[in-house]
Amino acid sequence: GAGVSQSPSNKVTEKGKDVELRCDPISGHTALYWYRQSLGQGLEFLIYFQGNSAPDKSGLPSDRFSAERTGGSVSTLTIQRTQQEDSAVYLCASSLTSIFSEQYFGPGTRLTVT
Amino acid sequence: AQSVTQPDIHITVSEGASLELRCNYSYGATPYLFWYVQSPGQGLQLLLKYFSGDTLVQGIKGFEAEFKRSQSSFNLRKPSVHWSDAAEYFCAVGLNQFYFGTGTSLTVIP
């Protein structure tokens with residue numbers, strides 16, 4: 001079956017613009033995760049959804065970042081007033097049930113803020 | 001603050017030699033513990049995980065890891081490394097949030 005998909009694969013935006021990143025999890029997976037990977041850095045956890053709710057949003061780097069998930073499926077990560085330090089690869093993952101089950105990662109969205 | 005430390009950025013071993021990758025964590029409670037592997041050009045793949053029970057966990061590809069609560073460690077081991085094990089290895093912990101270490105790059109010499 002289909003894996004986790006993310007769109008767009010690449011996004012170049014000007015500083016100050018808003019961007020929206022999309023994640024389609026594996027069908028039937030109830031948990032969904034967003035990460036950020038900057039050049040030379042490890043994976044930085046952003047947020048985790050169980051169903052449509054996020055138990056803890058404190059991983060989001062600033063109030064310019066927001067995420068939502070509707071219908072227990074698709075999720076969007078929105079970055080408002082983008083800054084150059086937001087440039088990174090944004091990875092989405094999903095898992096079948098809880099945070100204890102294996103996460104399957106999407107290919108990522110490479111965001112470049114100029 | 002919660003964190004995961006992988007002290008070794010890069011390790012080189014000869015094929016057939018044993019391997020141990022270190023992982024230490026800092027977390028308010030005992031979290032779920034994971035090891036993931038990322039082969040070149042591939043996505044992350046789960047090797048093994050631990051939450052409770054036997055502190056020695058067996059995973060795929062002949063890997064095992066041992067949870068030591070007193071040391072807040074979850075080191076990954078393999079008795080005999082194969083050339084195909086060359087990859088990036090990530091330790092991760094989580095409960096309501098999820099934290100990955102910065103990874104250890106493994107090179108295998110034939």
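Per chain, numbering begins at 1; letters A, B, ... match sequence-line order.
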task = Check whether Y104(A) gets within reach of chain B through its side chain, its backbone, both or neither, counting any heavy atom under 4.5 Å.
result = neither

Largest heavy-atom contact set with chain A, pairs under 4.5 Å, which of F90(B), F98(B), Y32(B) = F98(B)

query = Take atom CD1 in I60(B); do more than 12 heavy atoms of anything else shown fall under 6.0 Å from it?
reply = yes

query = Does one hydrophobic cluster hold both L44(B) and Y35(A), with members joined at side-chain heavy-atom distances below 4.5 Å?
reply = yes

key: Closest contact, heavy atoms only, K49(B) versus E102(A)   = NZ-N, 4.4 Å

inquiry  = For the CZ atom of F105(A) and the CD atom of Q38(B), what is their distance to the nearest 0.5 Å?
reply    = 8.5 Å

inquiry  = Could you see if V108(B) belongs to whatever hydrophobic cluster contains V37(B)? Use Ile, Leu, Val, Met, Phe, Trp, Tyr and a side-chain cutoff under 4.5 Å.
reply    = yes

inquiry  = Contact between Y36(B) and Q103(A) at the side-chain level, heavy atoms closer than 4.5 Å - yes or no?
reply    = yes

Chain B contact via F100(A) - side chain, backbone, both or neither, heavy atoms under 4.5 Å = both

message = Taking 4.5 Å as the heavy-atom cut-off, does anything in residues 83-95 of chain A contact chain B, and if so which residues?
response = none

query = Is F51(B) reachable from L48(B) through a run of I, L, V, M, F, W or Y residues, each pair having side-chain heavy atoms under 4.5 Å apart?
reply = yes

request  = Establish whether L47(B) and V4(B) are linked, either directly or via other cluster members, by ILVMFWY side-chain heavy-atom contacts under 4.5 Å.
outcome  = yes

request  = Please look at Y50(B) and chain A and tell me whether the side chain, the backbone, both or neither of the residue comes under 4.5 angstrom of a heavy atom of that chain.
outcome  = backbone

remark   = Among residues 50-68 of chain A, residues within the sub-4.5 Å heavy-atom range of chain B, in order of number, are P55(A), D56(A), S58(A), G59(A)

ask   = Quick one: do Y33(A) and V4(A) end up in the same hydrophobic cluster if we chain Ile, Leu, Val, Met, Phe, Trp and Tyr together by side-chain heavy atoms under 4.5 Å apart?
value = no

request  = Check whether more than 12 heavy atoms from other residues, nucleotides or ligands sit under 6.0 Å from atom CD of E14(A), and answer yes or no.
outcome  = no

message = Before you tell me yes or no, could you show the steps for T102(B) and L43(A) under side-chain contact (heavy atoms from CB on, under 4.5 Å), namely the whole-Å CA-CA distance, both residues' side-chain angles and the distance that decides it to 0.1 Å?
response = CA-CA 7 Å; T102(B) 51; L43(A) 286 168; over 6 Å; no

